[in-house]
Structures are given as C-alpha cells and as structure tokens.
Amino acid sequence: MLRGLLTFLLLALLTAPAFAKLYRWVDETGRVQYSDKPPMTAPTSGVSELNKSGVVKATPVPVLSKEEKEKIQNEQALQKEQQRRDRALLQSFSRPEEIDLIRDRRIGMIQSATIANSMRMQAASQRKTRLETQLARMKKSKRSIPPDLEAELAAINKEIVDIDADNKTKNDDIENVKRRAEEDKKRLLELKSAISK
C-alpha cells in the first residue's frame with residue numbers, strides 16, 4: 001500500500017507542470033489521497049499542500065464540526081467565568097472566615113423568609129379548617145353551597161401548595177449557599193497558596 005502511494009506521488013511530481021500544485025489528505029476511510037486538485041468536500045483532518053519536491057508547504061488546519069466548535073466555545077466561556085470569579089474572590093476576601101460571615105448572613109435572610117412562610121401557612125390552614133367545617137355543616141343540612149365558598153377553599157388550597165413549594169425552593173437555596181461557600185473557601189485557599197509561591 002505504502003509503496004503504491006509513493007509511486008503515485010513520484011509519478012505525479014514528475015509529470016506535473018512546474019507550477020502545478022499537489023494536495024494530500026486522508027479520506028473518510030482513513031486512506032491517504034493525492035491529487036492536483038483539493039477534494040470537493042474538506043476532510044476533517046484538513047488538506048496539505050505539497051511543493052514540487054513532495055514536501056508539505058502548508059500544514060492543514062483541522063476542520064472542526066459544529067459540536068467541536070461549540071465545545072471549544074463552552075470551554076473558553078467556562079475558563080473566562082472562572083477567571084472572573086477568581087478575581088472577585090481575591091478582591092473581596094482575605095480569609096475563609098470572611099466567606100463564612102457572608103454565608104451566614106445569606107442563610108439568615110432566607111430563613112427569615114421561611115419563618116414568614118410558616119406564619120402564612122398557619123393562617124391558611126386555619127382558614128381552610130374553618131371553611132371545610134362550614135361546608136360540611138351545609139352539606140349535612142342539605143343546604144346549597146355558595147360558589148364563592150368553594151372558590152375560596154380552592155384558593156386557600158392553592159396558597160398552601162404555593163407556600164410549600166416556596167419553602168422547598170428556599171431549603172434548596174440554603175444548601176446551594178452552603179455548597180458555594182465551601183467551594184469559594186477552597187478556591188480562595190488555592191489562589192492564596194499559588195500567589196505565595
């Protein structure tokens with residue numbers, strides 16, 4: 001195989017005009033191809049241009065797929081964001097304990113909101129109990145139930161569901177604040193150590 005390719009290359013060089021160009025590339029089957037014209041479809045490994053002595057004149061630039069370009073762009077964006085965060089860490093904190101103070105302050109604010117939610121939940125549950133008792137009495141006495149009472153009960157049930165969902169979100173927020181603080185402390189120590197070396 002190699003001998004055949006070398007023979008083709010030699011013949012191509014001997015028979016080609018002095019000004020002709022010669023191209024080499026690897027096709028989709030992995031075989032090396034030579035021609036005086038570049039391929040119609042650019043291979044992913046790129047196309048080399050050879051001089052009349054068969055020496056590569058220009059190193060091929062690999063053709064990147066859309067996914068490969070997006071991957072490189074995402075990696076560059078992540079690296080840029082990490083650099084921005086590193087600068088912010090070094091400018092904002094000198095010791096890990098300072099990050100703990102910020103963490104506790106943020107958690108305190110979230111917990112204040114959950115306390116407010118608990119009070120709202122208690123009030124909504126009491127209204128719900130009163131309404132359900134009222135509706136049960138009306139059904140027992142076979143009285144017609146006003147639509148506004150049923151609508152009010154539906155609204156209270158929705159409020160309880162919303163409060164419960166908000167509490168779960170705030171619990172997640174607290175865990176995220178803790179996790180972020182631990183990551184920032186670790187990174188701050190790494191940056192400080194690198195600077196001191």
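Just the heavy atoms: all of them, side chains too, but no hydrogens, waters or symmetry mates, feed the values below. Values in this document were obtained by computation on a predicted structure and should not be read as measured data.
- Put simply, CD1 on Ile110 and CD1 on Ile115 are 12.5 Å apart, with the number rounded to the nearest 0.5 Å.
- When all heavy atoms are compared, the tightest approach of Asp27 to Thr29 is OD1-OG1, 2.7 Å.
- Between the side chains of Glu175 and Asn171, not a single donor N or O lies within less than 3.5 Å of an accepting N or O.
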Which is it for Lys71 and Glu68 under the side chain to side chain contact (heavy atoms under 4.5 Å, CB included) test, yes or no, and what are the steps along the way? CA-CA 5 Å; Lys71 182 181 178 182; Glu68 290 171 330; 5.5 Å; no
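- Heavy-atom minimum distance, Ala181 versus Ile99: O-CG2, 3.8 Å.
- Heavy atoms of other residues, nucleotides or ligands lying less than 6.0 angstrom from CZ of Arg187 number more than 12.
- Among all heavy-atom pairs drawn from Asp36 and Leu22, the shortest one is N-CD1, 4.1 Å.
- With values rounded to the nearest 0.5 angstrom, Arg120 atom CZ is found 11.5 Å from Ser125 atom OG.
- With respect to the salt-bridge test (charged N to carboxylate O, under 4.0 angstrom), the residues Arg103 and Asp184 do not qualify.
- Pairing each heavy atom of Pro96 with each of Leu189, the nearest pair is CG-CD2, 3.7 Å.
- Distance alone, capped at 3.5 Å, places no donor-acceptor pair between the Ser193 side chain and the Glu190 backbone.
- For the atom pair CD of Gln126 and CZ of Arg130, the computed distance is 6.5 Å after rounding to the nearest 0.5 Å.
- Side-chain contact between Gln73 and Glu75 is absent, with no heavy atoms from C-beta onward closer than 4.5 Å.
- The shortest non-hydrogen separation linking Glu49 to Tyr23 is CG-CE2, 4.1 Å.
- A salt bridge links Asp100 to Lys185: at least one charged side-chain nitrogen sits closer than 4.0 Å to a carboxylate oxygen.
- Under the 4.5 Å side-chain heavy-atom criterion for Ile, Leu, Val, Met, Phe, Trp and Tyr, Val26 and Leu50 are members of the same hydrophobic cluster.
- Other residues, nucleotides and ligands contribute at most 12 non-hydrogen atoms within 6.0 Å of the CZ atom of Arg143.
- Both Ile102 and Leu191 are part of a single hydrophobic cluster, where members link through side-chain heavy atoms under 4.5 Å apart.
- Side-chain contact check for Glu98 and Ser94: at least one donor-acceptor pair (N or O, by modelled atom type) lies under 3.5 Å.
- The cluster map of Ile, Leu, Val, Met, Phe, Trp and Tyr, joined by side-chain heavy atoms under 4.5 Å apart, puts Met109 and Ile163 in different clusters.
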Please assess Lys168 against Asp172 for the test salt bridge (Lys or Arg N to Asp or Glu O under 4.0 Å), listing each intermediate value before the final yes or no. CA-CA 6 Å; Lys168 290 178 181 176; Asp172 291 341; over 6 Å; no
Test side chain to side chain contact (heavy atoms under 4.5 Å, CB included) applied to Leu131 and Lys128, step by step: CA-CA 5 Å; Leu131 271 179; Lys128 179 181 178 181; 5.8 Å; no
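- Of the candidates Asn117, Thr114, Asp162, Asn117 is the only one forming a side-chain hydrogen bond (donor to acceptor under 3.5 Å, both in side chains) with Asn167.
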Derivation and outcome, side chain to side chain contact (heavy atoms under 4.5 Å, CB included), residues Leu90 and Leu188: CA-CA 7 Å; Leu90 290 172; Leu188 180 64; 4.2 Å; yes
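- Distance check: Lys37 NZ to Ser35 OG gives 7.5 Å after rounding to the nearest 0.5 Å.
- The distance from the CD atom of Glu81 to the CG atom of Leu78 is 8.5 Å, given to the nearest 0.5 Å.
- Between Lys186 and Glu183 no salt bridge is recorded (no basic side-chain N to carboxylate O distance below 4.0 Å).
- Using a 4.5 Å cut-off between side-chain heavy atoms of Ile, Leu, Val, Met, Phe, Trp and Tyr, with links allowed through other members, Leu89 and Val177 fall into different hydrophobic clusters.
- Separating the CD1 atom in Ile107 from the CD1 atom in Ile174 is a distance of 6.5 Å, to the nearest 0.5 Å.
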Going through the checks in order, is the side chain to side chain contact (heavy atoms under 4.5 Å, CB included) test met by Lys69 and Ile72? CA-CA 5 Å; Lys69 289 179 181 176; Ile72 291 175; 5.9 Å; no
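- Between Lys170 and Asp166, at least one side-chain nitrogen of the basic residue sits less than 4.0 Å from a carboxylate oxygen of the acidic one, meeting the salt-bridge criterion.
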Can you list the steps and then say if Gln82 with Asp86 is a side chain to side chain donor-acceptor pair (under 3.5 Å)? CA-CA 6 Å; Gln82 184 62 56; Asp86 288 348; 2.9 Å; yes
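- Pairing each heavy atom of Met138 with each of Ser144, the nearest pair is CE-O, 3.3 Å.
- Considering only heavy atoms from C-beta on, Glu132 comes within 4.5 Å of Leu153 through its side chain.
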With salt bridge (Lys or Arg N to Asp or Glu O under 4.0 Å) as the test, would you mind laying out the steps for Glu159 and Arg127 before giving the verdict? CA-CA 11 Å; Glu159 182 181 358; Arg127 292 204 312 274; 2.8 Å; yes
